Number of protein chains: 2
Amino acid sequence: MAKKMDKAKKQFHCPVEATLSQIGGKYKMTILYHLIHDGTLRYHELQKKIPQATAKMLTQQLRELESDGLINRKVYPVVPPKTEYSLTERGTTLTEVIDSICNWGCTYMAGTFEE
Amino acid sequence: MAKKMDKAKKQFHCPVEATLSQIGGKYKMTILYHLIHDGTLRYHELQKKIPQATAKMLTQQLRELESDGLINRKVYPVVPPKTEYSLTERGTTLTEVIDSICNWGCTYMAGTFEE
DNA sequence: CCGCATCCGAGTTGATACTG
DNA sequence: CAGTATCAACTCGGATGCGG
């Protein structure tokens, strides 16, 4: 599938950069986190769970995740429209990564409430 | 001179966002990765290891990491100047997070040679 | 010389309104 | 409901300059 690669020629100097090229977007990890926890979510559900992200950004990040084969986008041709997002198999391999991040975040929040 | 100071007061909707508020910067995870692996690095050493980051961005990301108490900045008042960066104790708690990311990146790179 | 602050152009993100 | 369009605001990259 030779698709248009905007970031073609990108070579990674370390494995961290390779991962960030896939999930380094501003809201990608958060999107993945919610999809991991809830399995399948509609567009509007994600928007409610990530209120800081505007509709444009959310759409953009979702499309990029879809292009990278991390999530699935299923559109139901009904009225009113219905679009569901879910993890692909490759997306589920990120569970441990997101889980580590989530775990550290919990510890961080537990020890930084007396600011 | 507008400085970012409201990061600590940010309300997080999920633990992932809390973590990203600390290491979500464009090169922060990469910086931490190198510091985890090499222990202590000079400014110019980091620049060589992360060539995509400009000097300005590298300085900015390092200052933010320092403000968040994740890294230590030690300046030697000598000629020529010498600045060393190393992880703080809090910074070392991110080892497993960075390690997960690094691990996934290795797997990703190994299995993505399609064209 | 090394570390890093500053100015400006370019790309990215945000807020609001609009369409199918 | 899901997504697009437009413009304003912010961020990033590159070049330059400066202090030690």
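Just so we're on the same page: letters track the sequence lines, and every chain starts at 1. Predicted, not measured: the structure shown is a model, and the values here were computed from it.
Heavy atoms of Y85(A) sit under 4.0 angstrom from primed sugar atoms or phosphate atoms, though from no base atom. Among the protein residues, Q60(A) comes within range of the sugar-phosphate backbone only, with heavy atoms under 4.0 Å from sugar or phosphate atoms but none that close to a base.
Rounded to an integer number of Å, the gap from NZ of K28(B) to P of dT11(D) is 12 Å. As rounded to whole Å, 14 Å separates atom P of dC4(C) from atom OH of Y76(B). Here the P atom of nucleotide dG3(D) and the CD atom of E45(A) are 13 Å apart, to the nearest Å.
Residue T54(B) has its side chain nearest to dG14(D) when only dA2(D), dG14(C), dG14(D) are considered. Taking the side chain of P81(B) as heavy atoms from C-beta on, and the options dG14(D), dC2(C), dA2(D), the nearest nucleotide is dC2(C). Comparing dT13(C), dC2(C), dC4(C) by their closest approach to the side chain of M57(A) singles out dT13(C).
Side chains of S86(A) and T40(A): no donor on one and acceptor on the other come within 3.5 Å. Residues H34(B) and E45(B) bring no donor and acceptor atom of their side chains to less than 3.5 Å of each other. Remark: the T59(A) side chain and the Y43(A) side chain contain an N/O donor-acceptor pair separated by less than 3.5 Å.
The side chain of R42(A) places no N or O atom within less than 4.0 Å of a non-bridging phosphate oxygen (OP1 or OP2) of dG3(D). OP1 or OP2 of dG13(D) sits under 4.0 Å from a side-chain N or O of Y27(B). Taking 4.0 angstrom as the limit, R73(A) places a side-chain polar atom (N or O) nearer than this to OP1 or OP2 of dG3(D). Within the 4.0 Å cut-off from OP1 or OP2 of dA2(D), not a single side-chain nitrogen or oxygen of T59(A) is found.
For dG14(D), the base has a donor-acceptor partner in the side chain of K56(B) [N/O atoms by modelled type, under 3.5 angstrom].
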| message | Set out, in order, the CA-CA distance, both residues' side-chain angles and the distance that settles side chain to side chain contact (heavy atoms under 4.5 Å, CB included) for L70(B) and Q22(B), then state yes or no. | response | CA-CA 9 Å; L70(B) 294 172; Q22(B) 302 268 301; 4.2 Å; yes
